[in-house]
Asker: 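Sharing a structure, written as structure tokens. Questions coming.
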2 protein chains.
Amino acid sequence: MHLVSRSSIIALVVRDSIRILQGQGYKATKPRKLVLEVLEETEKPLSPYDIKGILRARGKYLNHVTIYRILDLLCSLNLAHKMLSSGGFVKCSLDAIEGCHRFMVCQHCGAIREFADKELCQEENDFAQDFGFHTEYHLSEFSGLCSQCYRK
Amino acid sequence: MHLVSRSSIIALVVRDSIRILQGQGYKATKPRKLVLEVLEETEKPLSPYDIKGILRARGKYLNHVTIYRILDLLCSLNLAHKMLSSGGFVKCSLDAIEGCHRFMVCQHCGAIREFADKELCQEENDFAQDFGFHTEYHLSEFSGLCSQCYRK
DNA sequence: TAGCTAATTGCAATATTATTGCATTTAGTT
DNA sequence: AACTAAATGCAATAATATTGCAATTAGCTA
Ligand SMILES: [Mn+2]
Ligand SMILES: [Mn+2]
Ligand SMILES: [Zn+2]
Ligand SMILES: [Zn+2]
């Protein structure tokens with residue numbers, strides 16, 4: 001049986017990403033490799049400044065602007081994605097169902113529609129339960145096109 | 001048939017919220033009423049600075065700190081809630097399934113676990129479809145307790 | 001109704017996060 | 001090795017968020 005070290009796995013996945021970047025005509029730069037490495041080896045979501053801090057602790061210095069731009073690029077190529085959302089505050093009506101917070105956000109006109117569905121909530125709760133996770137509440141955002149914008 | 005103006009409806013809902021505030025020992029202050037009014041009458045999610053701007057346009061001036069504090073209070077009483085999330089960036093593996101971006105975030109230890117489920121995605125897509133909404137992708141976050149923290 | 005007081009707000013200072021234009025550097029090519 | 005478009009770093013600025021404290025106010029009491 002072959003044993004593969006964690007670091008070599010990371011190297012492999014980073015290499016895949018790099019290959020995709022190059023395939024699209026982007027350069028395989030040092031900063032891009034560094035960011036990819038950190039993303040690959042870290043378990044949880046990282047902010048640009050998280051990444052900056054992790055690298056700094058290793059004596060590698062990247063400008064935060066660079067990190068923002070790299071992350072934007074990775075997201076645009078679906079190699080990474082952002083967590084929701086604008087971080088804005090949202091109103092909710094008083095009679096809101098527990099766990100109901102779903103938003104459909106139109107990419108074109110920006111319209112936001114909120115809805116609730118108990119069954120969907122229950123399924124999601126059950127699903128999380130299978131992982132041993134006890135859901136207190138959940139929020140979700142659907143990004144796409146509203147009926148009006150879709151027709152155009 | 002009775003016709004009720006939109007403004008009187010807003011007044012009613014705001015009054016409900018105010019009543020709940022007072023029931024918990026919080027004062028019914030002018031700033032709180034103003035923020036509630038804006039939240040009630042506006043269709044889409046608003047950031048603290050959105051609210052500040054709307055009020056300013058009406059000649060009402062609230063300090064942004066006040067708005068933050070009011071929104072925090074409303075959220076703590078479940079009269080409002082925030083959209084996700086830290087706004088941070090998230091890594092995603094290359095083989096990620098379209099529309100798979102789900103995170104379970106432990107309120108206690110902060111652990112974040114990402115998972116994917118095609119069926120759940122499909123159901124959500126279908127659900128949105130019923131509203132005429134065409135989903136491009138969706139992200140969601142489950143907030144609760146991981147198995148370890150739940151046991152304690 | 002006026003005065004009292006705890007709660008709330010406003011202010012000022014600071015911190016954090018994000019964006020832009022431009023000079024400098026670098027990866028990939030010749 | 002030289003060239004050049006692409007990418008990065010830098011500096012300035014903007015936007016968002018938090019904290020401690022002084023001033024104000026809502027609700028209570030006399
Ligand atoms: Mn809701
Ligand atoms: Mn994902
Ligand atoms: Zn639309
Ligand atoms: Zn936990």
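Each chain gets a letter, A, B and so on, in the order the sequences are listed, and its residues count up from 1.
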Asker: In whole Å, I'd like the distance from the NZ atom of B:Lys52 to the C1' atom of D:dA14.
Answerer: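 To the nearest whole Å, that distance equals 14 Å.
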
Asker: Within the sub-3.5 Å range, which N or O atoms of nucleotides 27-30 of chain D have a protein N or O partner, and how far apart are they?
Answerer:
| residue | atom | partner | partner atom | Å |
| --- | --- | --- | --- | --- |
| D:dG27 | OP1 | B:Gln22 | NE2 | 2.9 |
| D:dG27 | OP1 | B:Ala28 | N | 2.9 |

Asker: Apply ring pair (Phe, Tyr, Trp, His ring centres under 6.0 Å) to A:Phe142 and list each qualifying residue two or more places apart in sequence or on a separate chain.
Answerer: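 With neighbours one apart ignored, the set is A:Phe115, B:His138.
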
Asker: Can a donor-acceptor pair under 3.5 Å be found between the side-chain atoms of A:His64 and the base atoms of C:dT19?
Answerer: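 Indeed, a donor on one side and an acceptor on the other fall under 3.5 Å apart.
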
Asker: Can you figure out which of D:dA17, D:dC10, C:dG10 approaches the side chain of B:Pro48 most closely?
Answerer: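 So the nucleotide nearest the side chain must be D:dA17.
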
Asker: Expressed as a whole number of angstroms, how long is the span from B:Lys60:NZ to C:dG10:P?
Answerer: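 Result: 13 Å.
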
Asker: Mind checking side-chain contact (heavy atoms from CB on, under 4.5 Å) for A:Gln129 and listing every partner two or more places apart, or none if nothing turns up?
Answerer: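 In terms of side-chain contact (heavy atoms from CB on, under 4.5 Å), with neighbours along the sequence ignored, A:Gln129 is linked to A:His134.
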
Asker: Roughly how many Å is it from CG in B:Leu21 to P in D:dT25, rounded to a whole number?
Answerer: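 Atom CG in B:Leu21 sits about 19 Å away from atom P in D:dT25.
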
Asker: Remember a base hit wins even if backbone is also touched, and classify A:Arg69 as base, sugar-phosphate or nothing at under 4.0 Å, heavy atoms.
Answerer: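 Since a base atom lies under 4.0 Å of A:Arg69, the category is base.
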
Asker: I need the minimum non-hydrogen distance between A:Pro31 and A:Thr66, along with the two atoms involved.
Answerer: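 Closest pair (atom of A:Pro31, atom of A:Thr66, distance): CB-CG2, 4.0 Å.
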
Asker: Only counting residues at least two apart or in another chain, list the ones meeting salt bridge (charged side-chain N to carboxylate O under 4.0 Å, His left out) with A:Arg58.
Answerer: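 Only A:Glu41 meet the salt bridge (charged side-chain N to carboxylate O under 4.0 Å, His left out) criterion with A:Arg58.
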
Asker: Between atom CG in A:Leu73 and atom P in D:dA6, what is the gap in whole Å?
Answerer: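 Distance, rounded to whole Å: 13 Å.
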
Asker: Parallel under 30°, tilted from 30 to 60°, perpendicular over 60°: which one fits the rings of B:Tyr49 and B:His64?
Answerer: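 Answer is parallel, since the angle falls under 30°.
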
Asker: Pick the nucleotide of DNA chain C nearest each of B:Val65 and A:Val65; which residue has the one closer to the 5' end?
Answerer: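 Closer to the 5' end of DNA chain C: B:Val65.
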
Asker: With a 4.0 Å limit, can you tell me whether B:Tyr49 has a side-chain N or O closer than that to the phosphate oxygens OP1/OP2 of D:dT16?
Answerer: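 For B:Tyr49, the contact criterion (side-chain N or O under 4.0 Å from OP1 or OP2 of D:dT16) is not met.
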
Asker: Atom CG of B:Asp72 and atom C1' of D:dT19: how far apart are they, to the nearest Å?
Answerer: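 Rounded to the whole Å, the gap is 13 Å.
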
Asker: Taking only residues two or more places apart in sequence or in another chain, which ones pass side chain to side chain donor-acceptor pair (under 3.5 Å) with B:Gln122?
Answerer: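 For B:Gln122, the residues satisfying side chain to side chain donor-acceptor pair (under 3.5 Å) (neighbours in sequence not counted) are B:Asp126.
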
Asker: Got a sec, which hydrophobics cluster with B:Leu145, joining ILVMFWY side chains under 4.5 Å apart, including via others?
Answerer: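 Members other than B:Leu145 - counting any ILVMFWY side chain reachable under 4.5 Å - are B:Tyr150.
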
Asker: For D:dA26 and B:Arg32 - does any side-chain N or O of the residue sit under 4.0 Å from the phosphate oxygens OP1/OP2?
Answerer: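 No, B:Arg32 has no side-chain N/O under 4.0 Å of OP1/OP2 on D:dA26.
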
Asker: For B:Lys33 and C:dT8, what is the distance between atoms NZ and P respectively, to the nearest whole Å?
Answerer: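 Nearest whole value for this atom pair: 14 Å.
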
Asker: How many whole angstroms separate atom CG of A:Asn63 from atom C1' of C:dA18?
Answerer: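 One finds 12 Å between C1' of C:dA18 and CG of A:Asn63, rounded.
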
Asker: Starting at NZ of B:Lys30 and ending at C1' of C:dG10, how long is that distance when rounded to a whole Å?
Answerer: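 Whole-Å distance recorded here is 14 Å.
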
